[in-house]
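Side chains are part of it too, since the values below use all heavy atoms of this structure and drop only hydrogens, waters and symmetry mates.
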Amino acid sequence: FIDDMQNFLLRGEFKDFTVKAGGREFKIHKIVLAARSKTFAEYLRNNENVDFMEIEDISAENFERVMKFVQFERQPYAENVPGVFVAAGKLQIEGLKVIPAKLMIASMEKEKDLEKLFKILSMANEYEQEDLRLKAFERIKKRFPGRQLKDDLSVQLDKLKKIIDAQLMLDEQFKEL
């Protein structure tokens, strides 16, 4: 059955739904979208007779990468890993969210840029990826040797952003001296 379904999807027959993302249109099967994405399942449940949806905040490239995963379990994460993570988060595709999160965790091992780390932490909070959140905050804490950042700051992003901005300002001042 699985092989038959994959062959069916590869042939591209009977696609009954169009998604417009990043200015491009993508034809896909409603049942596949609903099965793989909580966002699409809810939308289609509430709009049974609709055959079109426009997504404004996901690029065509990232949507295409996500659809490769949704339809064929292909790993579309080689490029723009954060973009794929965000798209998977917005579309609530849990199986896809985990893999880019692991890639971002691995890439953070030597990352020292506080702004990049904060951005990753923010994404992890927004799309509820606990492992990524913990690792990003751990990396941020390492940039504050001798200071104890409380763990609850990992979810109090406004406060943490002020601390990071102050540290970046101090770093700039020391560079000028």
Side-chain angles (χ1 to χ4, degrees), residues 1-48 50-111 113 115-140 154-155 157:
F1 177 76
I2 292 171
D3 289 340
D4 290 341
M5 286 304 295
Q6 276 196 322
N7 288 330
F8 176 77
L9 292 172
L10 284 170
R11 287 192 308 269
E13 297 176 312
F14 309 112
K15 292 181 178 181
D16 57 354
F17 196 74
T18 302
V19 177
K20 186 174 183 179
R24 286 182 38 206
E25 290 187 357
F26 299 87
K27 298 287 269 174
I28 195 158
H29 300 93
K30 281 183 183 180
I31 193 164
V32 173
L33 287 173
R36 301 300 302 257
S37 164
K38 291 177 185 176
T39 300
F40 281 117
E42 184 177 325
Y43 179 80
L44 291 168
R45 217 175 275 116
N46 294 328
N47 301 284
E48 288 182 27
V50 174
D51 61 359
F52 180 83
M53 178 181 190
E54 185 166 0
I55 301 173
E56 296 190 11
D57 52 356
I58 298 175
S59 72
E61 294 78 15
N62 285 333
F63 188 78
E64 184 173 31
R65 289 178 183 113
V66 168
M67 286 303 102
K68 285 180 183 176
F69 177 84
V70 164
Q71 295 178 88
F72 309 114
E73 290 282 331
R74 291 188 187 147
Q75 297 182 359
Y77 341 104
E79 297 176 18
N80 195 6
V81 173
V84 172
F85 175 78
V86 168
K90 287 179 180 182
L91 298 174
Q92 298 181 57
I93 304 170
E94 296 304 316
L96 177 56
K97 222 171 45 170
V98 171
I99 299 162
K102 287 181 181 179
L103 292 172
M104 286 191 288
I105 288 170
S107 73
M108 281 190 309
E109 281 307 309
K110 296 180 183 174
E111 183 63 63
D113 184 324
E115 290 176 326
K116 286 181 183 177
L117 292 168
F118 182 78
K119 184 176 181 180
I120 292 169
L121 177 64
S122 297
M123 287 188 301
N125 275 323
E126 184 172 355
Y127 300 110
E128 300 173 347
Q129 216 311 314
E130 187 67 11
D131 291 341
L132 183 59
R133 184 186 67 78
L134 292 172
K135 290 294 184 179
F137 189 62
E138 180 183 300
R139 291 297 306 157
I140 289 170
S154 71
V155 293
L157 297 182

Undergrad: Using 0.5 Å steps for rounding, measure from the CZ atom of F137 to the CG atom of L157.
TA: 10.0 Å

Undergrad: State the CD1-OG1 distance between I93 and T39, to the nearest 0.5 angstrom.
TA: 7.5 Å

Undergrad: Is any side-chain heavy atom of F85 closer than 4.5 Å to one of K97?
TA: yes

Undergrad: Considering residues, nucleotides and ligands other than K102, do more than 12 of their heavy atoms fall under 6.0 Å from its NZ?
TA: no

Undergrad: What pairs with F63 under ring-ring contact (aromatic ring centres under 6.0 Å, His included), at least two apart in sequence or on another chain?
TA: F26

Undergrad: Is E94 close to K38 at the side-chain level, that is, under 4.5 Å between some pair of heavy atoms?
TA: yes

Undergrad: Using the rule given for side-chain contact (heavy atoms from CB on, under 4.5 Å), can you reason through V19 versus F40, listing the C-alpha separation, both sets of side-chain angles and the distance that settles it, and then say yes or no?
TA: CA-CA 10 Å; V19 177; F40 281 117; 4.0 Å; yes

Undergrad: For residues 50-63, pull every pair meeting salt bridge (Lys or Arg N to Asp or Glu O under 4.0 Å), keeping only residues two or more places apart or in separate chains.
TA: D57-K90

Undergrad: Within the supplied structure, the quantity of interest is the number of heavy atoms (other residues, nucleotides, ligands) at a distance under 6.0 Å from E25 CD; does it exceed 12?
TA: yes

Undergrad: How far apart are the closest heavy atoms of A87 and V66, and which atoms are they?
TA: CB-CG2, 3.7 Å

Undergrad: Under a 4.0 Å N-O cut-off, is there an ion pair linking E42 with R45?
TA: no

Undergrad: So, do Q129 and M104 sit near enough that their side-chain heavy atoms are less than 4.5 Å apart?
TA: no

Undergrad: Under a 4.5 Å cut-off applied to non-hydrogen side-chain atoms, are L96 and R36 in contact?
TA: no

Undergrad: Do you know which two heavy atoms are closest between A21 and A60, and how far apart they sit?
TA: O-CB, 3.4 Å

Undergrad: Determine yes or no for a side-chain-to-main-chain donor-acceptor pair under 3.5 angstrom, with S37 supplying the side chain and L91 the backbone.
TA: yes

Undergrad: Hey, does the side chain of R65 reach the backbone of V84 with a donor-acceptor pair shorter than 3.5 angstrom?
TA: no

Undergrad: How long is the gap from CD on E130 to OG on S154, to the nearest 0.5 Å?
TA: 7.5 Å

Undergrad: Would you say L121 and N125 make side-chain contact, with heavy atoms under 4.5 Å?
TA: yes

Undergrad: If you look at every heavy atom in G95 and I99, which pair is closest and at what distance?
TA: O-CD1, 4.0 Å

Undergrad: Please report the shortest heavy-atom distance between A41 and A34, naming the atom on each side.
TA: CB-O, 3.4 Å

Undergrad: What's the verdict on side-chain contact (heavy atoms from CB on, under 4.5 Å) for E126 and V86, showing C-alpha distance, side-chain angles and the deciding distance?
TA: CA-CA 9 Å; E126 184 172 355; V86 168; over 6 Å; no

Undergrad: With side-chain contact (heavy atoms from CB on, under 4.5 Å) as the test, would you mind laying out the steps for R133 and V155 before giving the verdict?
TA: CA-CA 9 Å; R133 184 186 67 78; V155 293; 4.0 Å; yes

Undergrad: Return the NZ to CD distance between K116 and E111, rounded to the nearest 0.5 Å.
TA: 5.0 Å

Undergrad: Between L44 and M53, is there a side-chain heavy-atom distance shorter than 4.5 Å?
TA: no

Undergrad: Are there over 12 heavy-atom neighbours, none belonging to K27, within less than 6.0 Å of that residue's NZ?
TA: yes

Undergrad: Compare all side-chain heavy atoms of Y43 with those of V50 and state whether any distance is below 4.5 angstrom.
TA: yes

